[in-house]
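Chain letters run A, B, ... following the sequence lines, proteins first and then strands; every chain starts at 1.
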There are 2 protein chains.
Amino acid sequence: MYRTHTCGELNISNVGQEVTLCGWLQRSRDLGGMTFIDLRDRYGITQLAFNMETNAPLCEQARKLGREYVLQVKGTVIERSSKNTKIPTGEIEINVKDLNILNAAKTPPFTIEDVSDGGDDLRMKYRYLDIRRNPVRRNLELRHRMAMLVRNYLSDRDFLEIETPMLIKSTPEGARDFVVPSRMNPGEFYALPQSPQQYKQLLMVAGMDRYFQIVRCFRDEDLRADRQPEFTQIDCEMSFVEQEDVLQMFEGLAKHLFKEVKGLEFGQFPRITWHDAMRLYGSDKPDIRFGMQFVEINDVAKGKGFGLFDNAELVVGICAEGCAEYTRKQLDALTDFVKRPQVGAGGMVYIKYNSDGSFKSSVDKFYTQDDQKAIADKFGAKPGDLMLILCGPAMKTRVQLCALRLEMGNQLGLRNPEVFAPLWVVDFPLLEWDEETQRYYAMHHPFTAPKPEDEPLLDDPNRWGDIRANAYDIVMNGVEVGGGSIRIHDRTLQNKMFHTLGFTDEQAAAQFGFLMDAFTYGAPPHAGLAFGFDRLCSLFGGADSIRDFIAFPKNNSGRDVMSQSPSPISDAQLEELCIKVDVKSDN
Amino acid sequence: MYRTHTCGELNISNVGQEVTLCGWLQRSRDLGGMTFIDLRDRYGITQLAFNMETNAPLCEQARKLGREYVLQVKGTVIERSSKNTKIPTGEIEINVKDLNILNAAKTPPFTIEDVSDGGDDLRMKYRYLDIRRNPVRRNLELRHRMAMLVRNYLSDRDFLEIETPMLIKSTPEGARDFVVPSRMNPGEFYALPQSPQQYKQLLMVAGMDRYFQIVRCFRDEDLRADRQPEFTQIDCEMSFVEQEDVLQMFEGLAKHLFKEVKGLEFGQFPRITWHDAMRLYGSDKPDIRFGMQFVEINDVAKGKGFGLFDNAELVVGICAEGCAEYTRKQLDALTDFVKRPQVGAGGMVYIKYNSDGSFKSSVDKFYTQDDQKAIADKFGAKPGDLMLILCGPAMKTRVQLCALRLEMGNQLGLRNPEVFAPLWVVDFPLLEWDEETQRYYAMHHPFTAPKPEDEPLLDDPNRWGDIRANAYDIVMNGVEVGGGSIRIHDRTLQNKMFHTLGFTDEQAAAQFGFLMDAFTYGAPPHAGLAFGFDRLCSLFGGADSIRDFIAFPKNNSGRDVMSQSPSPISDAQLEELCIKVDVKSDN
């Protein structure tokens, strides 16, 4: 037993006790007659007192200790003369009698404080020091707690956590697989799972009824900011359910998390169709913490001689309440914002509804005061409001306006990370056209069922884009935290779907044959959903980035800068695996 | 809502209710006027009744349904005339009014019964059907339950489950790594973790204090029976602990599992040193469900002119109580058993202590009745007992005798899978000599601490084999279910250890540099343990094989015969990864 207590548990009721504590030296203060050390562990901080008068050698020794030294101390709990009410241990300190240096420490390359002076690269290289910082530690504690809550919630509802394989078959459909050469099967490869999709469907065929797994998944994608090559899903599947059953079940899970972690209670989550989400927010993951819904104004904006609007497929805008006083500079900045390549708009039209009832706009020469009043009425604008309008091809313009809406939300402080606005987005399109390869892809995945009423459209290639899927996403604060679908459980329909996606029978059989075979032996109707667990944690933790909710993340090149991986392997390893490295010189 | 109830929950109290059930057709019985169908889901079986008199068309339809059809039925719960007391739903049946075929099913390739006619290969190919069988389903349910018990137990004791990376750095030490080519870092590879060893130690340096993870691990070994290339560990690590703390904590966990799963209560688990385990059982994982400890008889066996014994380093045997009546045939079979190449003994000597007090042995011409009495006394044998004796080089002979002891345990019914005998094996050797490479290897791993009193022996290469480690295994019924050690937290000692293992400073730095660096920034004393979770589940499930406790296992060639993985990947994939397949024709 190295210690009798942690550094977080002693308080006034322990005064007089002899205790042994272990921890790291957070800081020390030399006040001449006394030296104080803050001893830190995962559980808290306890103040150690060394008295020059009563034990000079020990006090001298204590003064020489550096930051992050690992210490074991024995002493008596005493009441502090000057109390710290901010921490649970703030009323006491330890009158130290024995001091044992368990390990020395070099001076850390950045301070182990809530706000550190370490940059991102340094923090990642010394992640084991970064995790000592309260904010990172708390994130990992939150993640543990959320995983426990999820597991117990689902287990209490008859879900079984079933581990599916990590070494699986590579399937070209979808994102790029990470592959693993098989030494025992030369020339052959496993893939790491992008998700346990096929296995969880097989478990439904196997009669397991309710499955879940908090599971690592892998995608070899070019990493955008805040994407990780390995990530964690809460993966779920249920049999004999309809969409409503799935939505209720996982809305229940989300509410449970909100209540337990955040103390928040919610009524039924709102729902919006994908079509409406695109029309009203320009996004399939709208942030509904604030309104500012899109208003389409073709009818009142066109035919007044303003060519840009007249020639546009869609004229659409948002109304920013109380922003009519925006300065020229602010408006120019917004125009610059929408013209950035990441947004890509050609420009922005504004109309100020002044508090005196008059209008001032960037298109005054095309639109009379009455014309602008008609537009303002369309927006439901009041004096003091500001309308911001974009135009162009419908879908493209909506996406641009979405960026502007979120920017306005930020500027107006409408996106508080401690406010939560969950939302179901339903009725996603089944298929998505890809310009580059000139074919349709499954928007969700090839096992997603079309809405029964839209099934006949599969026979008409011209209508493929109109087919709606029984697919749904759960969105919070503009972030997609989960998604799923009703699966196809009928082999005939599944074959039709493969044909729609351009698979030959042979290709479908080679890739998904075992799943298709399984479907002939009595597949139940089934459906599922997966949450992105890293993202869910970061959302609950009030942070934008998922990186600090992952103990050892990788950087944007997929590298772990701490262990310097990936790295070359030996020729002997390559030879055993029957592969050769073949790096082109222009790589 | 496809159903109002599962097939396992209706009983006499539900009589009169209108219900909707879904499930698979387990069997149907056509009794002329009535047809009965057993409808099965994960939760149980409910009998469906179709009446030819009251609804002939429906009854006719029911008669045509094949095994494993997926059905939805509506009807009324009625009391059965002939009750089945063996199942919870046995007092009722459903008077069916509506029948809806949710999916047809081909006849399964083997019967979905507790004892199936499917061979191993067929069961693995159609694993999704195999899992429908009660024994396999129950195994997966047990596994889920055990994982939940473990997580809640550890979480309640301040352990945090922290996910460590799956894409890590390859380290040649230990077993062979599976590797993953990095597309973004051409010519470089990740490895899949053999265990999260280094990361969990880093988490201790990071101050996380108590860590656990139920985690997938990977080893590219030639697969012996019942080894899987991917397997699951309950991986644990603690800071500021001594060996006793670790043993108490995880003994507590094991007791919790025994109590919750098996209803068994245990006192303190016995402990044995590695040295004694080898001496008394010839194994570092003794099955102590039965005694039959080894007795070394050099002093009474040598010097009687029996050359084999006289020239042997060790003469050692076991006493099988009450087996003096073994026939010639039985004894020959035992001799054949020890002479099998898997055991490798040259022969076996037996001495029968007949019930009349006389002796009969295979070496009567060398040993008088008095000599044999002296041997019998050494064994503590009584009239009616049988002594079985081997001889040869000490360690080799012990291992051979271990096999014989276990075989006798089997023959005498002393190895009941429902009896549990846990045991700690402690004080493992730190280092293990490898004849082939003529060097020492770490028996546990290179981070295991020597016992402090044995540390000085590190300076004397001649004594390296004598150094004991602070390492321990938890053994149940002759199976190693877990093991761990106190870690080295001092960088100087760790460097010395690396040198002992033949690493140059450069090699150590290249492989473990980041861990060694971490140790300079304040590493706490720490220790850990990992349970083999697949094995633990199979033990609690009373089975020898781990395969049926893994939803989708691989065969002995590392293949998943269901999905036919591993498999070749496309040239495009290879090119992107900058690797070439290089299979020699003699492979």
Quick one: do A:D517 and B:K125 make a salt bridge, cutoff under 4.0 Å?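 Not counted as a salt bridge, because no side-chain N and carboxylate O are separated by less than 4.0 Å.
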Output yes when B:R132 and B:D41 qualify as a salt bridge under the 4.0 Å nitrogen-oxygen rule, no when they do not. no
Non-hydrogen side-chain atoms of [X] and [Y] separated by less than 4.5 Å:
X: A:F159; Y: A:E161; answer: no
X: B:P566; Y: A:Y190; answer: yes
X: A:F178; Y: A:E230; answer: no
X: B:L71; Y: B:L102; answer: no
X: A:Q511; Y: A:K169; answer: no
X: A:Y126; Y: A:Y128; answer: yes
X: B:P525; Y: A:Y2; answer: yes
X: A:L129; Y: A:P109; answer: yes

Side chain, backbone, both or neither of [X] within contact of chain B (heavy atoms, under 4.5 Å):
X: A:Y69; result: neither
X: A:K554; result: side chain
X: A:A523; result: both
X: A:F533; result: side chain
X: A:V241; result: backbone
X: A:E244; result: neither
X: A:Y211; result: neither
X: A:Y199; result: both
X: A:R151; result: both
X: A:L192; result: side chain
X: A:N556; result: backbone
X: A:S570; result: neither
X: A:M184; result: side chain
X: A:L577; result: side chain

Measuring from [X]:[atom1] to [Y]:[atom2], what's the distance to the nearest 0.5 Å?
X: B:R42; Y: A:M208; atom1: CZ; atom2: CE; answer: 6.0 Å
X: B:N555; Y: B:D560; atom1: CG; atom2: CG; answer: 8.5 Å
X: B:I569; Y: B:E576; atom1: CD1; atom2: CD; answer: 10.0 Å

Heavy-atom pair count under 4.5 Å with chain A, highest-scoring of [options]:
options: B:I550, B:L574, B:N185; value: B:N185
options: B:I214, B:I579, B:L167; value: B:L167
options: B:D245, B:V70, B:V581, B:L160; value: B:L160
options: B:P553, B:A105, B:A206; value: B:A206
options: B:A551, B:P165, B:G513; value: B:P165
options: B:I131, B:L140, B:I162; value: B:I131

Apply side chain to side chain contact (heavy atoms under 4.5 Å, CB included) to the pair A:Q26 and A:W24, showing each step before the final yes or no. CA-CA 6 Å; A:Q26 177 72 30; A:W24 285 262; over 6 Å; no
What option among [options] has the most heavy-atom pairs under 4.5 Å with chain B?
options: A:R137, A:H489, A:E68; value: A:H489
options: A:L203, A:N152, A:L25; value: A:N152
options: A:R210, A:Q228, A:R127, A:R40; value: A:R210
options: A:D220, A:L202, A:D130; value: A:D220
options: A:R176, A:Q72, A:M148; value: A:R176
options: A:E141, A:Q564, A:R559; value: A:R559

Would you confirm whether B:D177, through its side chain, and B:V179, through its main-chain N or O, come within 3.5 Å as a donor-acceptor pair? no
Side chain A:H526, main chain A:P524, donor-acceptor under 3.5 Å: yes
Non-hydrogen atoms of chain A under 4.5 Å away: do they reach the side chain of [X], the backbone, both or neither?
X: B:E221; result: backbone
X: B:S567; result: both
X: B:T6; result: neither

Is there a side chain to side chain donor-acceptor pair (under 3.5 Å) between A:R143 and A:T232? Walk through the geometry before answering. CA-CA 11 Å; A:R143 186 180 176 114; A:T232 302; 3.2 Å; yes
